[in-house]
J.: 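Starting off with a structure, shown below.
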Amino acid sequence: MAEAADNPGTSPSPARRWLRRTAALLVGTPLLAGLLHVPAEPAAHAAVPRATTAAATGSSTVDVSLDGLTPTVPGEDDTLTVSGTVTNDSKQTVTKAEVGLRLGPTLNSRSSIDGAAKRKGYVPGSDGSEVGGKYVEKFAKLAPGVRQDFSISIPVKELNLGADGVYQLGVAVTGQSSAQPYPQVLGFERTFLPWQPDATDTKTKTTYLWPLISKTHLTAETGSDEQQTPVFKDDGLAKEIAPGGRLEQLVSLGRELDVTWVIDPDLLASVEAMTKNYRIRTKDGKSTVAGKHQAEANQWLNDLGDAVKGQKVVALPFADPDLASLAHTGKAVTGSLGRLKEATEVGAKAVDAILQVKPSTDFTWPADGAIDPSIVDVATSAGAHSVIARSDSLRETGGLPYTPNAARPIGGGTTAVVADARLSTAFEGDMTGAERSTLAVQGFLAQSLMITMQDPEKQRSIVVAPQRMPSVSQAQAMAKALKALGEGRWSQPQGLAAAAKAKPDPSATTRVPSAGAYPAALRKQELPQSAFESIQSTQSMLERFQVILTEKDRVVTPFGRAIDREMATAWRGRPGEAKAYREGVTDYLTTLTEQVTLIKKSDAKLSGRSATIPVSVQNNLVQGVDHLVLRLTSMNPTRLKIGDGPYEEHPIKITGGHSQSVKFTTNANANGPVPVYAQLFTEDGEPYGDAIRFEVNVTEITLTVMLVIAGGLLLLVLAGFRMYTQRKRAARKRALEGPDEGPEGESGTEPGEDDPEQPSDPTPDTAPESTDPSDTGERVDR
C-alpha cells in the first residue's frame with residue numbers, strides 16, 4: 001500500500017489529554033536539556049577515544065533475546081514487563097553487565113517502522129536513551145556461552161511517554177571485558193511500543209481472515225459396503241484436529257476473536273468422513289487399516305459449529321482450487337474451467353449442511369493475493385464478484401499519504417479486496433521461538449496503529465489475509481495481536497463482506513498488474529499444463545464410465561471430489577506429491593472400469609453352415625451396469641455372416657457380481673478361418689473397454705465333401721440314364737418281333753415292365769453331422 005507521509009496528522013485531543021501531555025512535556029523538558037549535555041554512555045566511558053567508543057558500542061558480543069512484552073499495548077496505569085535472555089557469544093567473560101531499556105522517539109511512518117525492524121545492532125543516537133535508575137537487571141559476570149534470564153518491570157508512567165504513536169523500545173546489555181575494560185553496549189534488541197492510552201475518535205475498520213484449510217487427505221477410493229467407507233491417504237488430518245493440533249488450535253483461538261472465517265469445504269467433508277468408519281492407506285500403499293479418531297472428528301466439528309454460529313463465514317470453492325494455475329496453464333485444456341463452478345456450488349452446500357450456516361461464496365482467493373488479468377477472469381468465472389488480492393501485487397502508484405481502503409473496483413463489476421501486505425505477512429516464518437513471536441506481535445500492532453495515525457480524521461477499512469495454513473505458533477501469535485486490537489483503542493472489527501462494500505478511495509490504484517508482473521517464484525509453484533491434461537483425461541474416463549452405472553452417485557461423487565482435489569492450491573511446492581495423487585485417482589478409476597469386461601474367448605470351429613457363438617460379459621462391480629451394447633463383428637462377412645450382415649448387437653444389463661452370456665447367430669458360406677471381434681459399446685456408440693479377437697474356423701464344408709456329394713449325384717444321374725436307355729431298347733425289340741404268347745394264351749412281358757415298385761433315391765453316402773467336440777479349439781453352440 002502507499003506509504004504514509006513522514007509526519008502523520010493528529011486529531012484535536014480532548015482538553016484533558018491536552019493538559020496531561022502539556023504537563024508531561026514541561027516536566028520532561030529540563031530532563032531532556034540535561035540529557036543533551038551529558039554523554040550517551042556512562043561517565044567511565046568518557047575518557048575513551050571516539051573511534052574506540054564507536055567500535056565498542058557497535059559490538060554484538062552478547063546476544064539479546066526479547067521473549068516477552070506485556071501488556072502488548074500498555075495503558076497509563078499499567079506496569080510494562082520486558083523479559084528474555086542474554087547469552088555471551090564471545091570467548092571472554094563480560095563483567096559488570098547490566099540489562100536496561102532504551103526508549104527511542106516516536107516513529108512517523110510505516111516505512112520508518114520497517115527500517116527500524118531491519119536494523120541490526122546498536123546505533124548511537126537512533127536507539128534512544130536508557131531508562132536508568134532501579135529499572136535494570138545487573139549481572140556480576142556473563143560467562144562465555146552461558147545464557148542468563150532477565151525480567152524488567154517498570155511502571156508506564158516512568159517511561160514519560162508523550163504524544164500518542166509508535167515508540168521504538170530497545171533492550172541493551174552494557175558491560176566490559178578484559179580486552180575493553182570500560183562500560184559499553186555489547187548487545188541490543190529492538191521492538192515497538194504502540195502508545196494509545198485513550199480510544200481515538202475515528203477507528204480503523206479491520207477485517208481479519210481466519211483460514212481453515214488443510215492439505216488433501218481423502219482419496220477417491222471407497223469401500224464396497226453400503227456406507228462406502230472412505231479411504232484416507234494418510235493419518236495427518238487426525239493429528240491436526242486432535243487436542244493441541246493445528247486445526248484444533250485455530251478453532252479454539254478463533255472462537256474468542258471477531259474474525260471472518262474462510263473455510264475450504266473439502267476440510268469439512270474430510271473431517272465428517274472421519275466421524276464414521278474410515279480406513280487409512282498404509283505407507284507401502286498395498287493395504288489399508290481402520291481409522292480410530294471418530295471421537296476427535298466429532299468434537300472438532302462440534303467446536304467449529306459453536307465457534308462460527310452467528311459469525312461471518314466465507315466458503316472457498318471445494319478443495320480451494322489454484323486459480324493462478326487454472327489461469328496460466330489450465331485454460332489451454334478444454335473443460336478445466338468448467339470444474340470451478342461445480343466446485344463453488346458443491347462447497348457452499350457442504351458448509352451449509354455440515355455447519356448449519358449459510359456461507360458467502362462471493363469471494364475467491366488466489367495464492368498470496370497475486371493477481372493479473374487472466375487470474376481475475378478465472379476467479380470470477382464461477383460467479384464470484386470479489387477477488388482477495390494483496391497490496392504487494394496491486395501496488396499504489398499515486399503517492400497517497402495514507403493507506404487506502406481495501407475495496408477497489410477493477411472493472412466488469414469485479415471488486416478487488418486488497419489485503420495489506422505488511423499486516424498479512426507479519427506472522428509468516430517460524431514463530432515457535434518466543435522472541436520471533438513477540439517481535440511479530442509488536443510489529444503488527446505498530447503498523448496497525450500507524451495506519452490510523454496517518455490521517456486520524458479519515459476512517460479506513462483494511463483487510464488482513466494471513467498465510468493459508470498457519471502453524472500452531474503462528475495462530476497463537478495472530479490471536480495475541482488480535483486480542484490487543486480487540487481492546488478498541490484505534491481499531492474495530494469488520495466482516496469481509498462489509499469491507500468489500502466500503503467506499504473506494506478515488507485516488508487508489510485500480511489497475512490490475514500485467515501478466516509479466518506476476519511473481520516468478522509463484523509461477524514456478526503452479527501446476528503444469530500436463531497436470532490439467534491428466535485431470536481432463538480422468539474426467540473424460542469418468543463420464544464414459546458413469547453412463548453404464550445403475551447407481552452413478554457411488555462413483556461420480558467420490559471421483560468428482562477427488563478430481564477437484566487434484567487442482568488444490570495446497571499442492572504448490574509439492575509437484576511430486578501432486579503427480580502421485582493424480583496418478584492414484586486415475587489408476588483406481590481404471591481399475592473400476594476394468595471390472596466390466598469381456599471374458600476372453602478361444603478360437604472356435606464351426607460345424608456346418610449355421611451355428612450360434614456365445615460371448616460372455618463379466619461385471620465384478622458391486623452395482624449393476626446397463627445401457628451397454630455387445631457387438632460381434634465378422635471381418636470377412638462374405639465367408640461368415642453374423643446375424644444378417646457383418647455384425648450383430650445385443651443389449652447388456654448385468655447385476656453386480658454376475659456375468660451374462662450372449663449368443664450370436666452365424667451363417668457360413670465358405671470354409672476357412674474368419675477373424676471375429678467382440679466389443680462393448682455405450683448406447684451413444686462410444687467403445688467401452690478393449691475388444692477381444694478370436695477366429696471362427698469353418699471346417700465341415702470342405703472340398704472332399706463337396707466332391708463326394710457331386711460324384712454321388714453324378715452316379716445317380718448316370719444310373720437313371722442307363723436304365724432309361726435299356727428300357728427304350730427293349731421296347732423297340734418287342735415291337736419288331738411281335739407279341740409272344742405264352743401258355744394258355746398269356747402274353748409274355750418283359751420282366752419288371754409292369755412292376756409297381758420304383759427304385760428309391762440312393763441313400764446319401766455322407767454320415768450325419770457329428771456333435772462331438774472338435775479336436776482343437778472351442779466348440780460353438782448349435
J.: Just by distance, no angles: are the side chains of Ser360 and Asp362 close enough, under 3.5 Å, to form a donor-acceptor pair?
T.: no

J.: I would like to know whether Arg554 and Val622 meet side chain to side chain contact (heavy atoms under 4.5 Å, CB included); could you show each step before the answer?
T.: CA-CA 10 Å; Arg554 287 182 64 90; Val622 297; 3.9 Å; yes

J.: So, do Thr415 and His385 sit near enough that their side-chain heavy atoms are less than 4.5 Å apart?
T.: no

J.: Report the relative orientation of the aromatic rings in Phe559 and Tyr588; use parallel for angles under 30°, tilted for 30 to 60°, perpendicular for over 60°.
T.: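 Plane angle under 30°, so parallel.
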
J.: Should Glu248 and Lys239 count as an ion pair when the cut-off is N to O under 4.0 Å?
T.: no

J.: Just say parallel, tilted or perpendicular for the rings of Tyr688 and Phe545, cut-offs at 30° and 60°.
T.: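 Rings of Tyr688 and Phe545: parallel, as their planes differ by under 30°.
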
J.: Taking the cut-offs as 6.0 angstrom to the six-membered ring centre and 45 degrees off its axis, would you call Arg631 and Phe681 a cation-pi pair?
T.: yes

J.: Can you check whether His293 reaches Asp235 side chain to side chain, under 4.5 Å on heavy atoms?
T.: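 Yes. Closest side-chain heavy atoms under 4.5 Å.
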
J.: With a 4.0 Å cut-off on N to O distance, would you call Arg281 and Glu221 a salt bridge?
T.: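 Yes, this pair counts.
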
J.: Can you confirm whether Leu549 sits close enough to Val556 that some side-chain heavy atom of one is under 4.5 Å from a side-chain heavy atom of the other?
T.: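 The answer is no; the side chains never approach within 4.5 Å.
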
J.: Are Arg561 and Asp266 within salt-bridge range, i.e. N to O under 4.0 Å?
T.: no

J.: Between Gln299 and Asp303, is any side-chain donor less than 3.5 angstrom from a side-chain acceptor?
T.: yes

J.: Decide yes or no for Trp571 and Arg582: does some side-chain heavy atom of the first lie under 4.5 Å from some side-chain heavy atom of the second?
T.: no

J.: Does Asn667 reach the main-chain N or O of Ser610 with its side chain, forming a donor-acceptor pair under 3.5 Å?
T.: no

J.: Under 3.5 Å, side chain of Thr222 to main-chain N/O of Gln228, donor-acceptor pair present?
T.: no

J.: If I compare all heavy atoms of Lys233 with all of Thr216, which pair ends up nearest, and what's the gap?
T.: CE-O, 2.7 Å

J.: Taking side chain as C-beta onward, heavy atoms only, is Ile613 less than 4.5 Å from Phe694?
T.: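 A side-chain contact under 4.5 Å exists here.
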
J.: Leu632 versus Val676: any side-chain heavy-atom pair under 4.5 Å?
T.: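 Contact flag for Leu632/Val676 side chains = yes.
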
J.: Counting C-beta onward and ignoring hydrogens, is there a side-chain heavy-atom pair between Leu247 and Leu304 closer than 4.5 Å?
T.: no

J.: Could you tell me if the side chain of Thr665 sits less than 4.5 Å from the side chain of Lys641, heavy atoms only?
T.: no

J.: Closest heavy-atom contact between Arg572 and Ala324?
T.: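 Smallest heavy-atom distance, with atoms named: NH2-CB, 3.4 Å.
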
J.: Output yes when Lys331 and Asp377 qualify as a salt bridge under the 4.0 Å nitrogen-oxygen rule, no when they do not.
T.: no

J.: Are Thr586 and Thr538 linked by a side-chain donor-acceptor pair shorter than 3.5 Å?
T.: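 On atom types as modelled, these side chains qualify, holding a pair under 3.5 Å.
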
J.: Below 4.0 angstrom, N of the basic side chain to O of the carboxylate: do Asp352 and Lys349 qualify?
T.: no

J.: Could you give the distance from OG1 (Thr597) to CD1 (Ile692), rounded to the nearest 0.5 Å?
T.: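 Between atom OG1 of Thr597 and atom CD1 of Ile692 there are 8.0 Å.
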
J.: For Thr329 and Glu526, test the side chains for any donor-to-acceptor distance below 3.5 angstrom and give the result as yes or no.
T.: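 No.
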
J.: Please confirm whether the backbone N or O of Val231 pairs with a side-chain atom of Thr219, one donor and one acceptor, at under 3.5 Å?
T.: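 Present.
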
J.: Once rounded to the nearest 0.5 Å, what's the spacing between atom OG of Ser214 and atom CG of Leu267?
T.: 6.0 Å

